[in-house]
Amino acid sequence: MISTKYTIREQNETNILNTVITEKEISRAEIAQYTGLNKASVSAITKKLLEDELIFETRVGDASNTGGRKPILLTFNRKSSLVIAFDLGYNYIEALLAFIDGTVVETVSKRRIQVQASTILSEMEQIIDRFMEVQPVTPHGIVGLTAGIHGIVDHESILFTPYYDLDKSDFLEGLQQKYDFPVFIHNEANLAALGEYTFTSRYQSLVSVSIHSGIGAGIVESGRLQIGKHGRAGEIGHSILYPSGRACPCGNHGCLEQYASNRVTYEEFRALKGLDYVNSEILLQYVEKNDKDALAAIKKNAELLSIGINNIIMMYDPDVVVINSSLYRRIPQMVDLVNEQLKSRFSKQVVIRNTFLEDKATLYGAFAVSAQNFLNIQKLKLN
Ligand SMILES: [Zn+2]
């Protein structure tokens with residue numbers, strides 16, 4: 001294996017590597033044209049990238065119309081290295097091992113479990129050790145691991161987790177001591193935004209709204225997560241909808257997530273209909289039967305959520321807002337209902353859509369953090 005140093009690569013090297021990734025197949029002359037670097041620099045840097053096995057020569061291209069030699073085309077080595085990603089929910093663990101281009105090698109999914117501080121390190125080590133056993137041979141091996149946390153994360157520390165006690169765990173230090181690749185943690189809604197940015201969007205400015213028990217937004221600008229000073233940027237679930245409304249555990253009254261979270265919508269519909277249990281599947285069954293109460297419930301949810309989305313658009317001016325919610329995935333007409341509510345001239349130019357990553361946006365965002373770090377490309381796009 002080539003020894004991998006996690007140093008900052010030269011800016012020119014980053015530009016050239018990113019150009020090769022974006023263009024799929026490209027000659028040295030075209031790289032010089034696209035990056036504005038001279039041919040000697042391009043030649044020296046591509047030589048280094050070839051030695052590092054981050055790119056390879058793929059085939060002879062067509063001669064340019066000015067005549068001359070046929071160029072050799074360069075392409076990104078999609079199998080140069082591997083990345084591990086985790087999504088740590090309060091009752092599940094999702095993990096994946098993927099090549100540096102996002103192609104999945106192996107996944108592990110544990111559902112209906114209790115994720116807790118006392119066991120999380122050993123659970124993660126088991127999964128990582130399995131990945132290390134099955135990993136294909138690559139020049140650089142595993143180059144990073146990132147875990148999504150359902151709570152507030154400030155750089156390397158977990159500040160607050162409402163649904164489990166991972167804020168009392170030192171698993172991050174444990175992993176950093178045991179393995180020689182870099183290990184990172186981030187908030188799950190932030191990672192979902194980065195996953196969409198990297199894999200599903202051509203835009204530079206994107207907001208992803210994650211709706212589960214609470215509501216949180218991830219904000220990405222040119223490949224960089226905007227987390228604020230304390231990691232709390234985008235906590236729109238705690239923006240106030242009704243000043244003297246329902247009490248929220250955060251200390252405010254009338255927070256958006258006390259009205260527009262999936263949990264609240266299910267609970268209100270359950271109580272109204274006298275049902276034992278409601279989830280997105282059950283609500284969908286009622287919607288499909290054109291049940292008046294169900295149609296009113298999804299309309300109300302969309303109307304309230306659209307207020308939160310309107311506020312986000314006013315604050316961050318994104319190109320696109322992506323909705324990550326099992327309810328909106330199962331009942332996509334709710335996205336249309338949100339769009340109908342967004343009447344301001346500002347929001348008309350913003351694309352509002354469902355996620356294209358199913359329930360894997362956080363996992364792909366975790367992948368993207370490690371891939372950005374290893375390749376040293378902040379605006380990395382792999383779609
Ligand atoms: Zn609140």
Side-chain angles (χ1 to χ4, degrees), residues 87-91 115 148-155 157-168 185-193 207-220 225-272 278-280 283 297-316 318 321-328 334 337-338 341-342 347 352 361-362 365:
D87 178 4
L88 305 176
Y90 67 95
N91 62 353
V115 172
I149 306 293
H150 294 236
I152 296 175
V153 178
D154 184 10
H155 301 99
S157 53
I158 302 173
L159 297 186
F160 174 62
T161 49
Y163 304 109
Y164 50 28
D165 63 349
L166 290 194
D167 49 347
K168 296 180 182 61
I185 52 171
H186 271 283
N187 165 269
E188 58 91 20
N190 288 343
L191 289 180
V207 172
S208 161
V209 180
S210 292
I211 313 161
H212 312 287
S213 300
I215 303 176
I219 305 141
V220 185
L225 280 172
Q226 308 295 309
I227 64 167
K229 181 168 163 63
H230 308 98
R232 293 193 286 250
E235 287 290 325
I236 56 153
H238 302 286
S239 59
I240 295 171
L241 198 59
Y242 302 114
S244 26
R246 295 171 189 159
C248 180
C250 78
N252 281 337
H253 277 81
C255 287
L256 178 66
E257 72 180 40
Q258 300 305 327
Y259 297 86
S261 67
N262 295 352
R263 176 178 53 86
V264 171
T265 298
Y266 300 152
E267 175 50 30
E268 286 178 351
F269 191 70
R270 188 202 64 75
L272 182 68
V278 170
N279 60 13
S280 58
L283 190 54
I298 62 167
K299 186 154 187 270
K300 182 180 169 199
N301 179 286
E303 280 174 2
L304 295 172
L305 185 68
S306 71
I307 296 172
I309 290 180
N310 175 75
N311 293 347
I312 284 182
I313 291 170
M314 294 310 131
M315 283 188 277
Y316 296 105
V321 176
V322 178
I323 300 175
N324 263 292
S325 154
S326 55
L327 181 59
Y328 280 72
M334 292 180 74
L337 294 173
V338 167
Q341 290 298 317
L342 292 170
S347 47
I352 317 284
T362 295

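Counting starts at 1 for both ligands and their atoms, following the listed order.
Here R246 pairs with E268 under the salt bridge (charged side-chain N to carboxylate O under 4.0 Å, His left out) rule; sequence neighbours left out. Residues that satisfy the side-chain hydrogen bond (donor to acceptor under 3.5 Å, both in side chains) test with H230, not counting sequence neighbours, are R232. Annotation: salt bridge (charged side-chain N to carboxylate O under 4.0 Å, His left out) contacts of K168 (sequence neighbours excluded): none.
Counting only distances under 2.8 Å, and ignoring water, the protein N, O or S atoms around the Zn ion (ligand 1) are H238 ND1, C248 SG, C250 SG, C255 SG.
The aromatic rings of Y259 and Y242 sit perpendicular, their planes meeting at an angle over 60°, well past the 30° parallel limit.
We find that K300 and E303 are not joined by a salt bridge, their nearest charged nitrogen and carboxylate oxygen being 4.0 Å or further apart.
With T161 contributing its side chain and G151 its backbone, the two residues share no donor-acceptor pair below 3.5 Å.
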